[in-house]
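Here's the structure, in structure tokens; my notes come after.
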Amino acid sequence: MSCHRPDANASVQGAEGLDHNPFALMQPRAPLLAPKEARNGARVIVNNVAPQGVYLPNYNVLTPHMRSPEYVQMSTAAAITLGIMKGRMYRCSCTRCLNLLLTYPEGCRANCAYCGLARHREAERDYADRNFIRVDWPAVPLEETIDIVARDGAGSPFHRMCISMITHPRSDEDTVTVLKRWTERIDPAAIPVSILSNPTTMTREDVKRLRDLGADIFTVALDAATPVIFDRTRGKGVQSPHTWRKYWEILMDARDIFGPQKFGAHIIIGMGETEYEALGLVQQLVDLGGHSHMFCFFPEKGSLMDHLPATPRDQWRRVQLARYLIDYRGVRVDQMKFDGEGRVVDFGLPTGELDSVIDAGVAFRTSGCPGKFAEDISACDRPYGDSPPSNVASYPFPPSRSDLRKIRRQLRIVERKT
Ligand code: SF4
């Protein structure tokens with residue numbers, strides 16, 4: 001068996017020399033109440049500036065009044081790939097997943113502590129100008145987006161499209177409209193569609209409707225690995241409406257309706273859970289027939305957790321590798337060994353086999369819904385969504401030999417000489 005010992009004094013990045021983010025440390029700030037004149041997108045609605053084509057986030061201009069389904073937001077990487085924005089991504093030319101985020105001046109009505117889109121930012125920044133997973137999200141007319149993808153036809157760089165819902169009274173209905181408008185022009189067999197859902201406003205019927213309209217994969221952003229962390233970061237702890245129970249209810253509906261390998265959950269690593277807890281959840285999802293998509297916690301600027309440390313790379317790499325083994329290599333969490341603080345100390349595979357998995361590098365790439373290359377290679381590569389390029393957490397491209405040497409140092413698993 002492969003075996004390594006995490007050394008608590010040799011942290012890459014953690015607070016006070018820790019090689020993991022413990023629960024006690026990862027306490028979000030309490031949200032402040034925005035003044036009345038800034039609530040519910042009032043500034044944007046009162047000014048009522050008509051949008052003109054693409055809107056690039058800019059805190060110095062009056063944000064136009066844009067709403068889904070006519071408008072959607074997309075990541076900077078997607079906008080560059082579509083040719084809507086100029087720019088280049090470090091070490092990767094484009095993204096293979098077109099993430100379309102619903103948008104409203106009122107913004108998301110939830111207050112998740114790690115999220116740049118959260119409601120408590122109303123006083124500081126209009127919704128369409130807020131950073132989300134470390135980047136700006138330009139707002140683009142939906143029809144213009146569909147036109148470009150339809151024009152590219154089989155030559156489209158996109159392997160998948162994903163509609164990302166937010167917590168808003170119009171979100172369920174507008175997701176249906178965006179899906180319908182997309183599938184009227186673009187064959188979902190050519191570019192499959194995923195739904196990143198918002199369970200809080202959804203019913204089982206909503207899940208069924210999206211499947212019947214051609215959605216391929218349905219995911220639930222649990223984000224927190226335990227009910228306590230869920231409540232602290234996106235429930236009552238931050239005056240946010242989400243509950244663990246409702247998220248699991250919709251996740252189980254998705255399992256019934258979309259079926260095996262067609263549903264999954266997002267999990268953020270490093271918000272205070274132990275590695276054992278996170279990997280127990282990964283195993284639970286696999287046993288149910290689904291997948292986990294993982295994100296490394298990064299203190300998003302302007303969020304209620306922006307004062308907290310990013311997940312140390314050693315914790316992240318251990319969980320990333322173990323999750324890959326459970327999701328794609330049939331290793332079970334009960335074959336792994338953990339220390340007293342719940343850290344992985346044995347991945348449950350013979351050394352040679354573990355070496356091959358590490359050297360293949362796929363385990364360390366961004367995880368998400370599959371594209372056209374392989375089941376275990378995500379279409380959704382989210383370049384630098386959970387780290388700066390100088391210290392990559394999820395690789396949006398195949399890690400090079402020197403990346404793999406760095407990953408091994410982070411894992412403290414030395415390369416064997418052959
Ligand atoms: S529901 Fe989603 S978009 Fe809204 S604050 Fe929470 S994580 Fe952010």
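The chain is numbered in sequence order, starting from 1. Both ligands and their constituent atoms are indexed starting at 1 by order of listing.
- Atom 6 (Fe) of ligand 1 has Cys112 SG as protein N, O or S atoms under 2.8 Å away.
- Taking the six-membered ring for Trp and the full ring otherwise, Phe218 and Phe263 have centroids separated by 6.0 Å or more.
- For Phe364, there are no ring pair (Phe, Tyr, Trp, His ring centres under 6.0 Å) partners two or more places apart in sequence or in a different chain.
- The side-chain tip of Arg343 does not point at the ring of Phe338 from less than 6.0 angstrom away and within 45° of straight on.
- At distances below 3.5 Å, not a single donor-acceptor pair connects side-chain atoms of Arg121 with backbone N or O atoms of Asn111.
- Under 4.0 Å is where a charged nitrogen must lie from a carboxylate oxygen, and between Glu300 and Arg130 no such pair does.
- Just one of Arg119, Arg43, Arg67 meets the salt bridge (charged side-chain N to carboxylate O under 4.0 Å, His left out) condition when paired with Glu106; it is Arg67.
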